[in-house]
Amino acid sequence: MNRAIEKKWQKKWQETNLFQADPDNREKIFVTVAYPYPSGAMHIGHGRTYTVPDVYSRFKRMQGYNVLFPMGWHVTGAPVIGIAKRIEEKNPWTLELYENVHKVPKDELHKLSDPEYIVKYFSGEYHNVMDDMGYSIDWRREFRTTDESYKKFVEWQLRKLKSMNLVKKGKHPVKYCPKCNNPVGDHDLLEGEGASINELTLIKFGIWDKFLIPATFRPETIYGVTNLWLNPNVKYIEVDSDGETYIISEKSYLNLSNQIKDLKIIGEVDPNGLIGKFVTNPITGEKHPILPASFIDPEYGSGSVFSVPGHAPADYIALEDLKNNEELLNKYNLEDIVANIKIINVVIIKRYGELPAQDVIEKFAIKSQYDPKLEEATNELYKAEHSKGIISNNVPYYGGEKVAIAREKIKSKMINDDHGAIMYDLSQYPVICRCGSKVVVKIMEDQWFLRYSDEDWKEKARECLFNENIIPNELKSNFEYYIDWLEDWACSRRIGLGTKLPWDRRWLIEPLTDSTIYMSYYTIAKYFKDIEIDELNDDFFDYVFLGKDNNSNIHDIDKIKDEFNYWYPLDWRLSGKDLVGNHLTFHIFHHGAIFEKNDWPKGMVVFGMGLLEGRKMSSSKGNVVILSDAIDEYSADVVRLFLMASAEPWQDFDWRKNEIKGIKTRLEWFFEFADKIKQIKGHPINLDNIGKIKLKKEIDKWMISQLNLRLKDATAALEVFQTRKALQDSLFLLKKDIDHYTYRVRERISKKDEHIIHVLSTVFKTWIKILAPFTPHSCEELWEVHGGKGFISNEKWPTYREDLINEKIAKSEEIIANLIKDILQIKKIINKDFNRIHIYPCENWKWDVYKIAYEIFKPDIGQIIAKSIKKNLCEDKKELSRFAKKIAKEMMKTKYVGKIDEITILNNEKDFISNEVGCEIMIHEDNSFDPENKSKQAIPYKPAIYIE
RNA sequence: GCGGGGGUGCCCGAGCUGGUCAAAGGGGACAGGCUUAGGACCUGUUGAUGUAGGUCUACCAGGGUUCGAAUCCCUGCUCCCGCACCA
């Protein structure tokens with residue numbers, strides 16, 4: 001197979017518009033796969049993603065369905081902005097990545113400094129590679145999400161949602177670079193990838209007319225505070241917020257000022273002047289001393305911490321350290337204050353005492369606040385208290401409640417009473433923007449949200465999901481979880497490509513939101529080139545998609561509407577596992593909100609990820625195989641076949657060079673198979689007319705039976721996207737059958753037996769059709785070369801013949817194979833010279849007993865014997881009971897398919913068996929010659945053997 | 001932590017509505033055949049053991065249900081994935 005042949009067929013398909021799908025009177029199937037975000041070259045992971053729908057589409061097309069498989073480009077979003085900037089700045093890492101991994105030609109590279117050009121360039125590349133892969137896409141419907149008509153569509157969608165009161169305004173924290181003045185994503189970072197935003201509670205402790213505002217994860221521990229910590233080696237400042245004065249570390253100002261409006265610096269504060277002074281606990285009203293601690297990180301929170309030594313190991317050990325530090329105690333005159341501190345218990349957990357912090361300190365043998373084990377100890381205790389802790393009865397109102405619940409209540413109470421506020425901080429430090437400056441958490445005001453928290457909307461989503469087919473089914477509960485868990489989603493953005501929010505043009509629509517119902521857009525996309533942009537107003541979409549009143553002047557509008565109604569609802573939506581929690585769940589939500597129930601999607605298939613030689617694939621790390629390279633090296637059909645054969649779509653697949661080689665030789669074998677038939681026949685095969693012939697030999701019928709069996713299994717597998725199983729049956733197992741068959745009939749092959757030619761031609765003709773969805777180019781070529789008419793892509797999918805699947809024939813073949821195996825085994829064990837092998841088929845009465853045993857369907861020996869005696873099956877009662885015991889055990893190990901005429905079969909295959917075991921054999925119909933009494937050993941499906 | 005999915009023979013993996021499972025298929029290794037040769041193809045072997053087709057030990061570990069468990073139930077250990085404003 002070479003690329004020239006593949007190109008030839010791709011061209012022919014294109015010239016005949018083979019995959020352009022328009023409404024007709026056939027039943028339709030509408031398949032979409034997540035449209036790609038083309039910011040780099042396609043790799044084999046993408047190859048798998050897009051091959052699955054192609055195989056399915058081709059399969060369904062052959063079954064007679066009108067199949068629509070379209071493709072578009074999701075080019076909205078922010079990543080390309082950063083990429084373009086880095087190209088512009090000639091960032092070496094980015095240039096290297098795009099030149100060597102994504103294989104962008106040198107003269108194109110510099111043009112990628114324009115984000116629009118990046119997506120244009122790569123969507124073009126994607127299109128070409130998809131053609132090279134032979135995908136049966138209807139390209140007339142291709143679009144980019146920045147097309148003006150698409151923007152009109154998205155505007156309609158958002159206005160629709162707003163009119164349904166599913167959009168609201170609010171504020172929202174984001175990772176933000178103050179220097180670039182922009183929100184940043186992971187792809188914009190120099191350092192700190194994967195950092196998340198943590199929510200903390202600031203609590204206002206009064207001191208004079210000012211406040212210290214320590215931040216905490218555990219607001220419930222406010223009842224256990226003994227003191228505050230300040231780091232005397234750190235700069236502190238006073239800031240004004242709306243008339244209140246806070247004391248915070250200088251380093252925390254940057255972050256806090258992005259979260260608290262108009263935070264103004266008033267002046268510096270000397271921490272030494274604060275140590276030893278007292279603050280007021282806003283909840284309990286108690287006075288707590290301010291004490292020095294060097295472990296306080298000035299960058300985190302607000303640079304001060306409240307101390308809960310009963311439950312925070314760090315606080316506990318810091319207090320112990322201080323007690324033993326006379327120098328410090330003397331410096332600030334703290335001796336009495338520290339001596340007076342009484343540690344308080346606020347949370348009770350099993351297996352811990354009054355002071356859990358002390359327990360873990362002892363358990364981990366931590367000696368000082370600088371001990372590295374401190375973090376581990378803290379984690380352990382925090383987790384334990386959160387999941388299993390109960391608020392102690394010392395605490396008013398909340399005593400006896402679970403920590404996790406009390407925490408939320410206490411938090412909201414404090415915020416309501418203006419004793420506290422929410423702040424956000426990064427989960428790890430440092431996080432550095434590509435520009436080199438520190439990233440902070442900023443609260444974005446005037447943000448727009450989709451109200452996924454809306455219970456009515458959730459209910460619609462659940463109903464939509466309930467009626468959908470999810471493959472694999474296990475993921476359905478995952479979707480349920482996400483529907484429940486989803487909160488309001490910030491759907492507006494400052495940067496990136498995309499559609500502007502129609503009612504607030506300062507904002508762009510966030511790119512997950514603009515790609516939720518685009519499947520409906522495909523159905524009518526081919527008409528847009530002939531329609532003025534302004535005509536694509538809300539009335540147009542309302543009429544076409546929702547059947548509202550027609551206020552549009554577009555003259556083809558009813559045709560457009562009919563086309564939408566023909567293709568919708570979507571039959572299958574395919575996408576990656578990683579998109580379950582957002583794209584796919586949003587897809588359900590938005591269909592639920594906008595479309596009528598009968599237009600809700602019907603099914604989803606969720607894909608696994610790709611591995612490369614057992615390791616995770618990653619473009620940015622260069623651990624990736626570019627799809628076009630793979631096609632060049634192996635051909636599209638080999639790549640397709642490997643991707644489909646190595647794992648089911650929802651499993652992770654592993655690209656292994658060695659195994660691809662195996663697939664390649666398998667495909668070559670398929671080509672040779674055709675030649676082999678030709679050779680046997682002596683002249684070319686004519687697939688258009690392979691004639692009819694009555695098969696007499698069991699082994700010929702066996703081959704046809706196996707063929708139908710494999711076809712049946714493969715068809716059933718493809719119906720539910722099990723590409724691997726389908727190939728397992730149709731490629732590997734069927735090939736094994738053919739090998740077995742040609743081996744069995746090799747004598748007859750050399751005599752050019754016409755039955756064999758007919759069997760092999762039939763196998764070939766069916767086989768080529770089964771493989772056509774997987775390796776369409778090879779199959780077209782073979783089809784044409786061997787006399788097929790038209791495209792194989794247009795051929796009818798073969799239907800299996802249940803009546804030709806014959807279990808008894810399969811069993812007979814098994815008997816022969818097992819017999820040969822057993823003889824060879826015995827020969828090996830006894831290791832002696834011998835002249836002849838005698839074979840004794842199973843006697844009739846044993847078959848009868850077997851049948852009785854089978855009907856009882858339990859290894860109930862007593863019942864088997866009783867019933868057999870009743871029917872008088874055997875004179876020799878002793879022999880009967882011996883056999884009954886044996887068959888009771890045996891029946892559970894073999895499948896009963898009825899009585900088989902072993903004598904005939906054995907006589908027919910006598911020469912073959914004799915040949916295989918390399919010795920003369922004799923088939924006995926009775927036991928007149930049986931010197932060692934071996935004939936008794938015979939049981940159904942297992943003739944007795946005597947080696948003389 | 002929350003949610004989801006796993007742990008099978010040298011490797012990858014199927015099986016997991018209990019019996020047809022010493023466990024499919026592929027890869028690797030080994031032997032034989034075909035061949036000048038073979039990385040091509042075919043046949044066979046690839047848990048142990050056995051002078052008659054058998055027996056024993058096996059599907060993370062431990063316990064249980066059953067006439068019978070890789071498959072069902074419980075416990076423990078362990079691995080992977082997602083947890084958001086990012087496509």
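Lys942(A) comes within contact range of at least one nucleobase, with a heavy-atom separation under 4.0 Å. Looking at heavy-atom distances under 4.0 Å, Trp669(A) makes contact with sugar-phosphate atoms alone, never a base. Among the atoms of the strands shown, base atoms are found under 4.0 Å from some heavy atom of Gln937(A). Within the 4.0 angstrom heavy-atom criterion, base atoms lie near Asn582(A). Residue-level contact check: Pro173(A) touches neither bases nor backbone, having no heavy atom under 4.0 Å from any strand. When heavy atoms are screened at a 4.0 angstrom cut-off, Glu672(A) is found touching no nucleic acid atom at all. As judged by a 4.0 angstrom heavy-atom cut-off over every strand, Leu824(A) is placed among residues making no nucleic acid contact. When heavy atoms are screened at a 4.0 angstrom cut-off, Tyr946(A) is found touching base atoms of the nucleic acid. Nucleic acid contact class of Gly77(A) (heavy atoms, under 4.0 Å, all strands): sugar-phosphate only. As judged by a 4.0 angstrom heavy-atom cut-off over every strand, His74(A) is placed among residues touching the sugar-phosphate backbone only. The residue Ala944(A) sits close to a base: some heavy atom pair falls under 4.0 Å. Nucleic acid contact for Lys735(A): sugar-phosphate only, since backbone atoms but no base atoms lie under 4.0 Å from a heavy atom of the residue.
Side-chain contact of Thr499(A) with Asp514(A): a donor-acceptor pair under 3.5 Å is absent, judged by distance alone.
Seen from the ring of Tyr150(A), Arg144(A) does not count as a face-on cation partner, given the 6.0 Å and 45° thresholds. In this structure, Arg746(A) forms a cation-pi arrangement with Tyr743(A), its terminal cationic atom sitting closer than 6.0 Å to the ring centre and no more than 45° off the ring axis. In this structure, Arg744(A) forms a cation-pi arrangement with Phe912(A), its terminal cationic atom sitting closer than 6.0 Å to the ring centre and no more than 45° off the ring axis. The cationic group of Lys168(A) does not satisfy the cation-pi geometry with Trp448(A), failing either the under 6.0 Å distance to the six-membered ring centre or the 45° limit from the ring axis.
Separation of the C1' atoms belonging to rC11(B) and rG64(B) is 34 Å when rounded to the nearest angstrom. Comparing the C1' positions of rC21(B) and rA14(B) gives a spacing of 12 Å, expressed to the nearest Å. The same atom, C1', is picked in rG18(B) and in rA70(B); the two are 10 Å apart, to the nearest Å. Taking atom C1' in both rA29(B) and rC77(B), one finds a spacing of 33 Å when rounded to whole Å. Of the P atoms belonging to rG6(B) and rA58(B), the separation is 25 Å, rounded to the nearest Å. Atom C1' of rC34(B) sits at a distance of 8 Å from the matching atom of rC41(B), rounded to the whole Å. Using C1' as the reference atom, rC72(B) and rU65(B) are 8 Å apart when rounded to the nearest Å. For the P atoms, the distance from rU36(B) to rC56(B) is 50 Å, rounded to whole Å.
Residues Phe449(A) and Cys491(A) fail the side-chain proximity criterion, which asks for heavy atoms closer than 4.5 Å.
Between Trp73(A) and Phe122(A), the gap from one ring centroid to the other reaches at least 6.0 Å. Under the 6.0 Å cut-off for aromatic ring centres, His74(A) and Tyr518(A) do not qualify, their centroids lying 6.0 Å or more apart.
Across His740(A), Lys808(A), Gln706(A), a single residue satisfies side-chain hydrogen bond (donor to acceptor under 3.5 Å, both in side chains) together with Glu813(A), and that is His740(A).
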Please list, for nucleotides 30-32 of chain B, all pairs of protein and nucleotide N/O atoms separated by less than 3.5 Å.
none

For nucleotides 2-9 of chain B, give me every protein contact, N/O to N/O, under 3.5 Å, one pair per line with atom names.
unit_1, atom_1, unit_2, atom_2, d
rC2(B), O2', Tyr481(A), OH, 3.3
rG4(B), O2', Asn478(A), ND2, 3.3

Nucleotides 23-25 of chain B: which of its N/O atoms have a protein N/O under 3.5 Å away?
unit_1, atom_1, unit_2, atom_2, d
rA24(B), N1, Arg724(A), NH2, 3.3
rG25(B), O4', Gln728(A), OE1, 3.2
rG25(B), O2', Gln728(A), OE1, 2.6

For this session: Any chance you could lay out the side chain to side chain donor-acceptor pair (under 3.5 Å) test for Ser477(A) and Glu480(A), step after step, and finish with the verdict?
Result: CA-CA 5 Å; Ser477(A) 55; Glu480(A) 281 165 11; 5.7 Å; no
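Closest to the side chain of Thr665(A), out of rG53(B), rC83(B), rA40(B), is rA40(B).
Using a 4.0 Å cut-off between charged nitrogen and carboxylate oxygen, Arg656(A) and Glu613(A) do not count as a salt-bridge pair.
More than 12 non-hydrogen atoms from other residues, nucleotides or ligands lie less than 6.0 angstrom from NZ of Lys735(A). Around NZ of Lys664(A), the count of heavy atoms belonging to other residues, nucleotides or ligands within 6.0 Å does not exceed 12.
Within the structure, side chain to side chain donor-acceptor pair (under 3.5 Å) contacts touching residues 574-587 of chain A (residues at least two apart or in different chains) are Ser515(A)-His583(A). Annotation: salt bridge (Lys or Arg N to Asp or Glu O under 4.0 Å) contacts involving residues 933-942 of chain A, sequence neighbours excluded, comprise Glu879(A)-Lys936(A).
Rounded to an integer number of Å, the gap from CZ of Arg746(A) to C1' of rC34(B) is 12 Å. The separation between Lys828(A) atom NZ and rU49(B) atom C1' is 11 Å, rounded to whole Å. If you take CG of Asn198(A) and P of rG1(B), they are 17 Å apart, rounded to a whole angstrom. Rounded to a whole Å, the CG atom of Leu611(A) is 18 Å from the P atom of rC79(B). Between the P atom of rG1(B) and the CD1 atom of Ile349(A) lies a distance of 14 Å, rounded to the nearest Å. Between Phe642(A) atom CZ and rG13(B) atom C1' there is a gap of 12 Å when expressed in whole angstrom units. One interatomic measurement links the two molecules: CD of Glu648(A) to P of rG26(B), which rounds to 16 Å at whole-angstrom precision. Note: CH2 (Trp655(A)) to P (rC12(B)) measures 20 Å, nearest angstrom.
Near-neighbour residues of RNA chain B inside residues 32-45 of chain A, defined by a heavy atom below 4.0 Å, number-ordered: Tyr37(A).
Taking each heavy atom of Val403(A) and Val347(A) in turn, the nearest pair found is CG2-CG1, 3.6 Å.
With the nearest nucleotide of RNA chain B identified for both Glu932(A) and Gly662(A), Gly662(A) has the one nearer the 5' end.
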